[in-house]
There are 4 protein chains.
Amino acid sequence: MAVRTRGGRGKQPTASDTALLAAAPPESPVPRRLLAVATRLFADKGFDRTSVQEIVAAAEVTKGAMYHYFDSKDDLLAEVYARVLRLQMQRLEAVAAEGGPVQDRVRRAAADVVVTTIANLDDATIFFRSLHQLSEDKQREVRAERRRYHELFRSLITEGQEQGVFTDRVPADIVVDFYFGSVHHLSTWYRPDGELTAEEIGGHYATLLLDALRPGGGTATMG
Amino acid sequence: MAVRTRGGRGKQPTASDTALLAAAPPESPVPRRLLAVATRLFADKGFDRTSVQEIVAAAEVTKGAMYHYFDSKDDLLAEVYARVLRLQMQRLEAVAAEGGPVQDRVRRAAADVVVTTIANLDDATIFFRSLHQLSEDKQREVRAERRRYHELFRSLITEGQEQGVFTDRVPADIVVDFYFGSVHHLSTWYRPDGELTAEEIGGHYATLLLDALRPGGGTATMG
Amino acid sequence: MAVRTRGGRGKQPTASDTALLAAAPPESPVPRRLLAVATRLFADKGFDRTSVQEIVAAAEVTKGAMYHYFDSKDDLLAEVYARVLRLQMQRLEAVAAEGGPVQDRVRRAAADVVVTTIANLDDATIFFRSLHQLSEDKQREVRAERRRYHELFRSLITEGQEQGVFTDRVPADIVVDFYFGSVHHLSTWYRPDGELTAEEIGGHYATLLLDALRPGGGTATMG
Amino acid sequence: MAVRTRGGRGKQPTASDTALLAAAPPESPVPRRLLAVATRLFADKGFDRTSVQEIVAAAEVTKGAMYHYFDSKDDLLAEVYARVLRLQMQRLEAVAAEGGPVQDRVRRAAADVVVTTIANLDDATIFFRSLHQLSEDKQREVRAERRRYHELFRSLITEGQEQGVFTDRVPADIVVDFYFGSVHHLSTWYRPDGELTAEEIGGHYATLLLDALRPGGGTATMG
DNA sequence: TATGAATGAGGGTTCATTCAT
DNA sequence: AATGAATGAACCCTCATTCAT
């Protein structure tokens, strides 16, 4: 990580906290303001179409200042990825660590990732669109962290399948990719002024996932 | 459309046909070759990171020739979008027009879009990653066509819900966005050398969708 | 001259004829149409900013056709120059050949060149703005022809000075350059919807010239 | 104005000062050097035929440096216009503010603009030839400033007409356009190695103007 | 007489980054 | 901790012209 000055943050922020992170008021310290502004611009116009000049202008900072805190424009993007991965992981770990029936934990996790994603739509937009704009090294790191996240989620699915509360007609791996595809694409169609709240969408998504995992009958494979 | 010279293509190509389209042999006419090469490069490195110079070099064509056939680099991307939209729409229309129980048609459509997407992974990669790099005008066109596609798919879901063979716990709109999110993200994780064939993945995805839509019991919303 | 096909034109066209030349209807023969269109565009946007593509599009002709009739874009411009020089020379020669007192002939020539210039404003615009865009060779030709024109006009001034009806306080050379500067710049400020007609302006310009040449008193050189 | 760093200049420079401005020695700061070189090249070959590459090469500066100081090539041209307008306006204002009979002030102004124009022939060449190559916005600004200049000059003519020391046979507006046409065209025919000095030509031009404005008899309009 | 695909050199401009201060 | 002038490579695109047909 290249940011040389940054205070730690309390763990387990709520979804609404995380939205505040992105809103970074102009009086906040320089690196934070740069990150906030960059997130906004990257989501808006894409990484490659956002110039360093625009970022520093929007953050009311000089170029020199930016290069003082960040190694490169790339590094700025890497920080965005690090932030969102850290956040999602924290939330999933919290849910996974709770007690209760596995299907309840899966539902909570599934709904929560939707709500958090919607609360940080810019992050989500960047996440699914800009991975290839990161350097090879950093891509690898991101992918590795992402894999850890998926594996944790998958372990919950597997736990349910082993207990028989979930069907295993479809491999847990596939289920996880299937679900997170849906989640990532929220940034493509979700509009804050739509009919449904983030919580309602989270509920629906979780329902679709849980219903798909219901054991019993199953739909016959066509043929 | 900006390509000024191009013959029509036969209707209702199979999934394997479509893969061939992208592979465009070197002796094919200039615009086709450019499109094939551009698709490859855009998927590989992203639109903004692919220079016109690289495209024409890979297509063994001069820049002037490229600009003779395409209005701009943007236009090249627009053609990729037009092609994939046309293809997917044709296939969905074909499936929708078939007879048989609605759940069979949905399953076939759901599985087919997966297979077709995998057969044209480059297109899919570009599709979900580069829309914002298209000009406003062209974005609007793409979105409009995409909407028509979604609406056709949604009408199948609605039909099933009205017949009572699908649950309506989750609105058909949400179901469609949920499913196509999963589909679009295939390009993120699918690898040709993986354990499962395209058809198997299509089967699993269709199963997850159909199972989620099974009527009956349902999973209680967490309380 | 590079245009290979062009009928001769009657001599001594009136000012209104010449305006018609520029309006060239679309059904007129190809080279004439090209010349008319080019004149319009060169005056509008300047020679360098007018592409051959635009010219042939506006003339509803293909590029190949244009290059069949003209050697180059440059050649098109040369033709415009040739046309305007020919025209102005013809008119001046006609006036000079008339009888009557020299001051009447000068007045007529001075007024007529204004009216003709206004009737062919596009030509005038091009004339004073695009000479340097012609090849060296062609520039030389244009300048030579222009010199012949100036010399003819100057001979009228000299004639008046020798007769004593014009003052010779200012050398005839300077008078000529002085006057044609004014005339060329008509294209800079004249607007067809202005208060004065072309004839009125011609009258005023001729009056200014003739009054400046009145012998007698003269204004004392400052000092 | 787009040049971001430039000190003011002393007021009321003499004609010979202004010629020095254009000669900008090589050790002068980057923007000044660029402007000097650009003026030279634009006058020589025309704006459109002068490439940015040529400018920066002649100024011994990199392209990046040029774009650091100027927004565009267009901006460079706009600066040339701003400079010449500023200069001419200053001089006219100085003359107009002097005392003495109005005909003396007009004569001085008329002669001075000729001398100044000849001292800055490159500027004059560019001025009358390249206005249409400026962006619409900048053209408007230039024209507005030019109008202010003309109006000041015209007010002197009007003053003389009202006092009866100038005839009003020709409207003051027309007189102004007439005279400045002549002045602008100096750049077309004046050669430093000619027989007459700048001051002599200025004298002649002023004489022609003043003589044309002499009241009395007048030349009868031809009938 | 006319086409239009193709050329290839050059156009203006942008941009992430460096470095002396 | 911060500046901002300067770099230099790369970018997309335009264009007059040619040539096989």
Side-chain angles (χ1 to χ4, degrees), chain A residues 4-5 29-31 47-57 60-77, chain B residues 3-5 29-31 34 47-56 59-77, chain C residues 4-5 29-31 47-57 61-77, chain D residues 3-5 29-31 34 47-56 59-77 133:
Chain A
R4 291 151 195 136
T5 322
V30 168
F47 179 77
D48 282 327
R49 307 222 166 164
T50 304
S51 71
V52 170
Q53 183 51 49
E54 285 173 299
I55 295 169
V56 299
E60 293 174 278
V61 151
T62 62
K63 257 185 219 186
M66 195 215 97
Y67 277 96
H68 180 72
Y69 288 106
F70 295 90
D71 291 342
S72 63
K73 186 186 166 193
D74 213 81
D75 191 29
L76 220 32
L77 179 58
Chain B
V3 173
R4 290 134 190 151
T5 322
V30 169
L34 280 166
F47 179 78
D48 282 330
R49 306 237 163 153
T50 304
S51 72
V52 169
Q53 183 50 49
E54 287 171 300
I55 296 170
V56 300
E60 291 173 286
V61 151
T62 63
K63 249 187 234 189
M66 195 216 100
Y67 279 97
H68 182 71
Y69 289 103
F70 296 91
D71 291 339
S72 61
K73 187 187 166 193
D74 207 83
D75 192 30
L76 219 32
L77 180 57
Chain C
R4 290 154 193 135
T5 321
V30 168
F47 178 77
D48 282 329
R49 306 218 166 166
T50 304
S51 70
V52 169
Q53 183 51 49
E54 285 173 298
I55 295 170
V56 300
V61 151
T62 63
K63 255 186 222 184
M66 196 216 95
Y67 277 97
H68 179 73
Y69 289 106
F70 296 90
D71 290 341
S72 63
K73 187 186 166 193
D74 212 81
D75 191 29
L76 222 30
L77 180 57
Chain D
V3 173
R4 288 134 193 150
T5 321
V30 169
L34 280 166
F47 179 77
D48 282 330
R49 306 238 164 149
T50 305
S51 71
V52 170
Q53 182 50 49
E54 286 172 299
I55 296 170
V56 301
E60 293 174 283
V61 150
T62 62
K63 254 188 231 190
M66 195 215 98
Y67 278 96
H68 183 69
Y69 288 103
F70 296 91
D71 291 340
S72 60
K73 186 187 166 192
D74 208 81
D75 192 30
L76 219 33
L77 179 58
Q133 281 150 339

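Each chain gets a letter, A, B and so on, in the order its sequence line appears, and its residues count up from 1. Since the model is a prediction, treat every value here as computed from it, not as a measurement.
- At E:dA2, none of the side-chain N or O atoms of C:H68 fall inside 4.0 Å of OP1 or OP2 (strictly under the cut-off).
- Of the inter-residue distances, the one linking D:F70 atom CZ with D:L34 atom CG reads 5.5 Å to the nearest 0.5 angstrom.
- At the phosphate of F:dA6, OP1 or OP2 sits under 4.0 Å from a side-chain N or O atom of D:Y69.
- Shown here are the side chain to side chain donor-acceptor pair (under 3.5 Å) partners of D:S51, two or more places apart in sequence or in another chain: D:E54.
- Shortest non-hydrogen contact noted between B:D75 and B:D71 is OD2-N, 3.1 Å.
- A straight line from CD of D:E60 to P of F:dT7 spans 12 Å, rounded to a whole angstrom.
- The two residues D:S72 and D:Y67 have their closest heavy-atom pair at CA-CE2, 3.8 Å.
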Stepwise, does the side chain to side chain contact (heavy atoms under 4.5 Å, CB included) test hold for A:M66 with A:L76? CA-CA 10 Å; A:M66 195 215 97; A:L76 220 32; 4.1 Å; yes
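- Across the protein-nucleic acid pair, A:F70 atom CZ and E:dA16 atom C1' stand 16 Å apart, rounded to whole Å.
- Legend: residues meeting side chain to side chain donor-acceptor pair (under 3.5 Å) with D:D74, ordered by chain and number and at least two apart, are absent.
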Reading DNA chain F 5' to 3', what string of ( ), [ ], | and . shows its pairs, if Watson-Crick and G-U wobble pairs count only when both distances fall under 3.5 Å? .||||||||||||||||||||
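- Nearest to the side chain of B:A65, among F:dT7, F:dA1, E:dT7, sits E:dT7.
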Using a 4.0 Å cut-off on protein heavy atoms (strictly under), produce a 5'-to-3' string for nucleotides 13-21 of chain F with B for base contact, S for backbone-only sugar-phosphate contact, and - for none. BBSSBB---
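- B:Q53 and B:K63 make their closest contact through OE1-CE, 3.2 Å (heavy atoms, listed as atom of the first residue, atom of the second, distance).
- Closest approach of C:K73 and C:F47 over heavy atoms only: NZ-O, 2.9 Å.
- A straight line from CG of D:L76 to P of E:dT13 spans 10 Å, rounded to a whole angstrom.
- For D:V30, counting side-chain heavy atoms from C-beta on, the closest listed nucleotide (F:dT7, F:dA1, F:dA6) is F:dA6.
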